[in-house]
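Nothing fancy with the numbering, it's 1 onward along the sequence.
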Amino acid sequence: MKRLIAAVVLGAGLHGQGLAAIDTHEFADDGQRQRYRDLAAVLRCPKCQNQNIAESNSPIANDLRGEIHRMLGEGRSDDQIIDFMVSRYGDFVLYDPPLATRTALLWFGPVALLLAGGTALAAIVARRRRASAAAALPLSDTERRRLASLLDASGSPPGQDS
């Protein structure tokens, strides 16, 4: 019975993966169809965030594919279509946003975080090495006499009950 339930759950999960966005747009020629596919592949779905609009089944991705088809039919260039999408949805809609002051964090943020983490890790390692080196030094004569007097005064080593 458990195997049957597992098979049903697995089958239901895999069934959803097989669904893909199917567009039934008509194109004037194969060049226009290829431009449509290329544009749908380079534009990110605003809702899904990690899928392009060609792969996404969300309603907004469907609307964006319709907008691309409409603008291609009007004779707009790829750059005009991309500029329209960026003006409407921001640089987020591009998988490869341009390097500008407003996108500098996207480009340099991961590197800065990696450097900060490496610096913090190096500081922690250096601090631990200094602490272990200081703990490994032998006792001076003064420290040995003081330790001996403390042990003689208590009658037993610290931590041991008599």
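To the nearest 0.5 Å, atoms CG (L43) and OG (S56) are separated by 12.0 Å. How far CG of L39 is from CG of L64: 11.5 Å, rounded to the nearest 0.5 Å. In this structure, the separation between CD1 on I81 and CD on E74 is 9.0 Å, given to the nearest 0.5 Å. Expressed to the nearest 0.5 Å, how far CZ of R33 lies from CG of D29 amounts to 9.0 Å. We find the CG-CG distance between L94 and N52 to be 12.5 Å, quoted to the nearest 0.5 Å. Put simply, CD1 on I68 and OH on Y36 are 6.5 Å apart, with the number rounded to the nearest 0.5 Å.
At a threshold of 4.5 Å between non-hydrogen side-chain atoms, the residues D79 and F84 do not count as touching.
Side chain of R65 to backbone of I53: a donor-acceptor contact under 3.5 angstrom is found.
In this model, no donor atom of one side chain and acceptor atom of the other lie less than 3.5 Å apart for Q34 and D30.
Listed by first then second residue, pairs satisfying salt bridge (charged side-chain N to carboxylate O under 4.0 Å, His left out) with a partner in residues 138-151 number zero, not counting sequence neighbours. Every pair passing side-chain hydrogen bond (donor to acceptor under 3.5 Å, both in side chains) that includes a residue from residues 80-91 is listed here, sequence neighbours excluded: D91-R102.
No continuous path of hydrophobic side-chain contacts links F92 to I82 [ILVMFWY only; heavy atoms under 4.5 Å].
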Evaluate the criterion side-chain contact (heavy atoms from CB on, under 4.5 Å) for residue pair Q32 and H69; output intermediate values, then yes/no.
-> CA-CA 9 Å; Q32 193 178 45; H69 180 262; over 6 Å; no
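Nearest heavy atom pair, residue M71 against residue M85, reads CE-CE, 4.0 Å. Counting all heavy atoms, side chain and backbone alike, K47 lies closest to S58 at CD-CB, 3.8 Å.
Of the candidates V93, N62, I60, C45 forms a side chain to side chain contact (heavy atoms under 4.5 Å, CB included) with just one, namely I60.
In terms of the side-chain hydrogen bond (donor to acceptor under 3.5 Å, both in side chains) criterion, S77 has no residue partners (sequence neighbours excluded).
No more than 12 heavy atoms of other residues, nucleotides or ligands lie within 6.0 Å of CG in L105, so this atom counts as exposed by the packing criterion.
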